[in-house]
Engineer: 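First the structure, then my questions, so here it is.
Letters go in sequence order (proteins before strands), and every chain restarts at 1.
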Number of protein chains: 2
Amino acid sequence: MKFCSHCGSSDLEFRVPEGDTLKRYVCAACSTIHYQNPKVVVGCLPVWEGSVLLCKRAIEPRLGLWTLPAGFLENGETLTAGALRETFEEANARVEIDELYTTISLPHISQIYVMFRARLLDLDFGPGPESLDVRLFREDDIPWSDLAFRTITRTLRNYFLDRKLGAFPVHLSALDKRPVRDPSLLAAG
Amino acid sequence: MKFCSHCGSSDLEFRVPEGDTLKRYVCAACSTIHYQNPKVVVGCLPVWEGSVLLCKRAIEPRLGLWTLPAGFLENGETLTAGALRETFEEANARVEIDELYTTISLPHISQIYVMFRARLLDLDFGPGPESLDVRLFREDDIPWSDLAFRTITRTLRNYFLDRKLGAFPVHLSALDKRPVRDPSLLAAG
């Protein structure tokens, strides 16, 4: 942020406003305080006869790696509407949302992931503009070392473990920016 | 948004960018696309020996009405860190977060409420700068007709019902902008 989006002034200060506790961009010309808040990434884990639908990314970051359909929640959307939209945009797939499943905070990039379990309604799917490929994977075929994000690895690991245990509680967790250097740990999410 | 926060130009267009599906503010001068996304409101339901901690609001909106401690999640925060911070800021209260409890989408104002159940750790609480009063309420004394937000009413209703049922599942729901005109419905959330 270099200019005030309210008055156009370049006289922005990064300071704690009166009565506040955190630094914000404050316009010295018109006094507007510019709050910046985390974004929500919403998506789902679509299942068909025990297999899971994954999308191969056609865009950066992580071009060429596999992910569950997910993306930024938009203004005016509910969480489930966002998950349905992203699934349709990235995989041309129609799903029925089952339940909230994983909620993962990523404070180092100010994102909150919210993932639902979902049932794929038919096999008429295929890559949208942001995907190179869309496929169903059985548990044994999941490309663990080619998954795009740790949030996706964690959500899939939870799912296959919970399926064995026979219950799908909501999983709340956080991931920090610590890089994972050991591929076996990467696979573990 | 009247000026581009990247280059200061006032030549902003509100249109669908190429390859996108939704209207955004796009700067005609420097081509920056200004995405706007929902905000997360995070808070908790602090319990002490069966009573619930509520805060009487000292600020608009809903000045003078009662609420659970909650507020906007900040950049760099996890969901639970935000809930702890808001509880301390609004009620000077220390809690231990139990579990994720209600997740409520408010698409008409582009907010997502995320509320946790929590245990109040001691009775050394009191109003912060944004509260006029902070009190513990037994179920029979909850000021149902003086609650600040429908999200709070819904979270409290869920809590007292679930407590009778003996289980606290995560509740996922949405609220639209439909005004509630009948006070008995207001109390029902």
Engineer: Pick whichever of A/Leu106, A/Val114, A/Leu100, A/Leu79 has the most heavy-atom pairs under 4.5 Å with chain B.
Structural biologist: A/Leu79
Engineer: Could you give the distance from CD1 (A/Ile112) to CD1 (A/Ile104), rounded to the nearest 0.5 Å?
Structural biologist: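 So the CD1 of A/Ile112 and the CD1 of A/Ile104 are separated by 10.0 Å.
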Engineer: What pair of heavy atoms forms the shortest contact from A/Val26 to A/Pro17, and how long is it?
Structural biologist: CG2-CG, 4.0 Å
Engineer: Extract the chain A to chain B donor-acceptor pairs under 3.5 Å, no hydrogen or angle test applied.
Structural biologist:
| residue | atom | partner | partner atom | Å |
| --- | --- | --- | --- | --- |
| A/Lys2 | N | B/Ser5 | O | 2.8 |
| A/Phe3 | N | B/Ser5 | O | 2.9 |
| A/Ser5 | O | B/Lys2 | N | 2.8 |
| A/Ser5 | O | B/Phe3 | N | 2.9 |
| A/Arg24 | NH1 | B/Glu74 | OE1 | 2.6 |
| A/Arg24 | NH1 | B/Glu74 | OE2 | 3.4 |
| A/Arg24 | NH2 | B/Glu74 | OE1 | 3.4 |
| A/Arg24 | NH2 | B/Glu74 | OE2 | 2.6 |
| A/Asn37 | OD1 | B/Lys39 | NZ | 3.0 |
| A/Asn37 | ND2 | B/Leu73 | O | 2.8 |
| A/Lys39 | NZ | B/Asn37 | OD1 | 3.0 |
| A/Leu73 | O | B/Asn37 | ND2 | 2.8 |
| A/Glu74 | OE1 | B/Arg24 | NH1 | 2.6 |
| A/Glu74 | OE1 | B/Arg24 | NH2 | 3.4 |
| A/Glu74 | OE2 | B/Arg24 | NH1 | 3.4 |
| A/Glu74 | OE2 | B/Arg24 | NH2 | 2.6 |
| A/Asn75 | OD1 | B/Ser110 | OG | 3.4 |
| A/Gly76 | N | B/Ser110 | OG | 2.9 |
| A/Leu79 | N | B/Ser105 | OG | 3.0 |
| A/Ser105 | OG | B/Leu79 | N | 3.0 |
| A/Ser110 | OG | B/Asn75 | OD1 | 3.4 |
| A/Ser110 | OG | B/Gly76 | N | 2.9 |

Engineer: Against chain B, work out which of A/Ala174, A/Cys7, A/Gly19 has the most heavy-atom pairs shorter than 4.5 Å and name it.
Structural biologist: A/Cys7
Engineer: Which bit of B/Pro38 comes within less than 4.5 Å of chain A, counting heavy atoms only: side chain, backbone, both or neither?
Structural biologist: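 When you check distances to chain A, atoms from both the backbone and side chain of B/Pro38 fall under 4.5 Å.
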Engineer: Compare every heavy atom of A/Gly82 with every heavy atom of A/Val42, then report the nearest pair and how far apart it is.
Structural biologist: CG1-C, 3.6 Å
Engineer: At a 4.5 Å cut-off on heavy atoms, which part of A/Leu172 comes close to chain B: side chain, backbone, both, or neither?
Structural biologist: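 A/Leu172 touches chain B through side-chain heavy atoms alone.
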Engineer: Could you grab the distance from atom CG of A/Leu123 to atom CZ of A/Phe125, nearest 0.5 Å is fine?
Structural biologist: 6.0 Å
Engineer: Quick one: name the residues clustered hydrophobically with A/Leu161, using the 4.5 Å side-chain heavy-atom rule over I, L, V, M, F, W, Y, and just say none if it's on its own.
Structural biologist: A/Leu165
Engineer: Rounded at 0.5 Å granularity, tell me how far CG in B/Leu45 sits from CG in B/Leu68.
Structural biologist: 5.0 Å
Engineer: Could you tell me the separation between the CG atom of A/Leu156 and the CG atom of A/Leu147, rounded to the nearest 0.5 Å?
Structural biologist: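 It is 6.0 Å, given to the nearest 0.5 Å.
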Engineer: Nearest 0.5 Å, please: how far is CG in B/Leu54 from CG in B/Leu136?
Structural biologist: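 Reported to 0.5 Å precision, the distance equals 8.5 Å.
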Engineer: Is A/Leu22 close to chain B through its backbone or its side chain, or both, or neither, when contacts mean heavy atoms under 4.5 Å?
Structural biologist: side chain
